[in-house]
Amino acid sequence: MSIAVFASGSGSNFEVLTEQSRKKWPEEVSLLICDQPDAGVLERAERLGVQAVTILPRHYENKAAYEKAILSCLQEQGIEWILLAGYMRLIGPTLLQAYPWRILNIHPSLLPAFQGKDAIEKALDYGVRWTGVSVHWVDEGMDTGPIIDQKPVLVEPGDDLHTLMKKVQFVEHHLYPNTMYKLLTGKISDSPRVRR
Ligand code: GAR
């Protein structure tokens, strides 16, 4: 059993997930799937010695074909879990059906507030006193799947995008690896709670 991370950006979450998986988890992050040829996460994968596969959606006819290409790569590597970490794309039925309740995402807000892109900026613009981080199961929606864990982050007077992002990412880098560790070791249930 092994774990793939999907990422589109700088990859700070990918890096802590990989490191923690090596130190602490019963399974390791063994594959990075990236959809951006110049994403910073690719350099991190090289430095950490994690196999990286860049699969560009524009090379495929449609989303199903794109996800089929990803799926065959995952199956070749025996991947059982998918962790989205700054992967800026919705997951479609091809991957959802192949990995039922085996795909997690991290989002930089206290969901259901500020779904989608630029969540930290939206929280600042709205003027909330508290924002935070959510780890949730992935479904077909945009940051809509059942929540597994959340941690708050205080928005202090004078915070700007840079300072708030730093605080949010600090919390992300603890919450995501810890949540996955708990799932892998049975400390929290790996079947989603059904919302009422
Ligand atoms: C993270 O803050 C993650 O929560 C966010 O992208 C960032 C990626 O940072 N994801 C989303 O906004 C998903 N809706 P990283 O590339 O340094 O890990």
Side-chain angles (χ1 to χ4, degrees), residues 3-22 25 29 31-48 50 52-57 63 67 70 81-92 95-96 99 103-126 128 130-155 159-181 183:
I3 301 161
V5 172
F6 287 21
S8 311
S10 116
S12 67
N13 281 283
F14 161 74
E15 182 156 350
V16 293
L17 290 166
T18 301
E19 282 170 344
Q20 289 302 307
S21 75
R22 289 174 177 172
W25 301 358
V29 171
L31 180 67
L32 169 72
I33 300 286
C34 183
D35 63 345
Q36 299 293 333
D38 47 7
V41 69
L42 292 167
E43 279 175 37
R44 294 189 200 249
E46 199 176 342
R47 174 160 47 78
L48 293 162
V50 176
V53 181
T54 306
I55 305 183
L56 305 181
K63 190 176 186 89
E67 288 201 340
I70 295 178
W81 288 86
I82 299 171
L83 304 179
L84 309 185
Y87 179 71
M88 299 316 237
R89 242 166 244 290
L90 286 178
I91 299 295
L95 287 172
L96 286 171
Y99 286 88
I103 311 178
L104 273 68
N105 182 40
I106 186 146
H107 185 73
S109 77
L110 290 177
L111 289 172
F114 310 123
Q115 292 160 328
K117 279 185 183 172
D118 304 323
I120 302 174
E121 208 167 342
K122 286 178 193 162
L124 267 178
D125 288 350
Y126 199 91
V128 291
W130 289 91
T131 185
V133 173
S134 305
V135 176
H136 66 95
W137 296 106
V138 171
D139 64 10
E140 64 288 342
M142 174 93 76
D143 305 315
T144 51
I147 290 164
I148 306 170
D149 206 353
Q150 295 184 302
K151 280 258 168 350
V153 172
L154 180 64
V155 184
D159 263 337
D160 57 20
L161 188 56
H162 177 72
T163 58
L164 188 57
M165 192 177 286
K166 258 182 106 167
K167 287 195 278 185
V168 166
Q169 289 218 327
F170 180 81
V171 172
E172 289 188 335
H173 296 165
H174 289 88
L175 185 68
Y176 208 4
N178 285 342
T179 305
M180 188 56 184
Y181 172 75
L183 275 170

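Read the numbers this way: they start at 1 and go in the same order the structure lists the ligands and their atoms. Numbering starts at 1 and runs along the sequence shown.
Distances from atom 14 (N) of ligand 1 to the heavy atoms of Glu172, Met88, His107 show the closest one on His107.
Shortest contact from atom 7 (C) of ligand 1 to any protein heavy atom: Gln169 NE2, 3.9 Å. In terms of protein heavy-atom proximity, atom 17 (O) of ligand 1 is closest to Ser12 OG, 2.6 Å. Summary of contacts: the protein heavy atom closest to atom 12 (O) of ligand 1 is Pro108 CD, 3.4 Å.
Between Ser10 and ligand 1, an N or O atom pair is found at a separation short of 3.5 Å. Of the polar atoms of Gly11, at least one N or O is found under 3.5 Å from an N or O of ligand 1, judged by distance alone.
Other residues, nucleotides and ligands place more than 12 heavy atoms under 6.0 Å from the CD atom of Glu19. Other residues, nucleotides and ligands contribute only 12 or fewer heavy atoms inside 6.0 Å of the NZ atom of Lys151.
Shortest non-hydrogen contact noted between Lys167 and Val155 is NZ-CA, 4.5 Å.
Of all the heavy atoms of Met142, none lies under 4.0 Å from any atom of ligand 1, so neither backbone nor side chain is involved. Heavy atoms of Asp143 found under 4.0 angstrom from ligand 1 belong exclusively to the side chain.
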Practice prompt. Show your reasoning for whether side-chain hydrogen bond (donor to acceptor under 3.5 Å, both in side chains) applies to Ser12 and Arg44.
Written response: CA-CA 8 Å; Ser12 67; Arg44 294 189 200 249; 5.0 Å; no

Discussion item. Determine whether Tyr176 and Val133 satisfy the following criterion, side-chain contact (heavy atoms from CB on, under 4.5 Å), listing intermediate values before the conclusion.
Written reply: CA-CA 9 Å; Tyr176 208 4; Val133 173; over 6 Å; no

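Not a single heavy atom of Ala119 sits under 4.0 Å from any atom of ligand 1. The closest approach between Gln115 and ligand 1 stays at or above 4.0 Å for every heavy atom of the residue.
A 4.5 Å side-chain heavy-atom check between Ile106 and Thr179 finds every atom pair outside the cut-off. When side chains are defined from C-beta on, Glu172 counts as touching Pro108, because their heavy atoms get closer than 4.5 Å. Annotation: side chain of Phe14 is in contact with side chain of Leu48 (closest heavy-atom distance under 4.5 Å).
Of all atoms in ligand 1, listed by their number and element, those nearer than 4.0 Å to a heavy atom of Gly86 are 6 (O), 8 (C), 10 (N).
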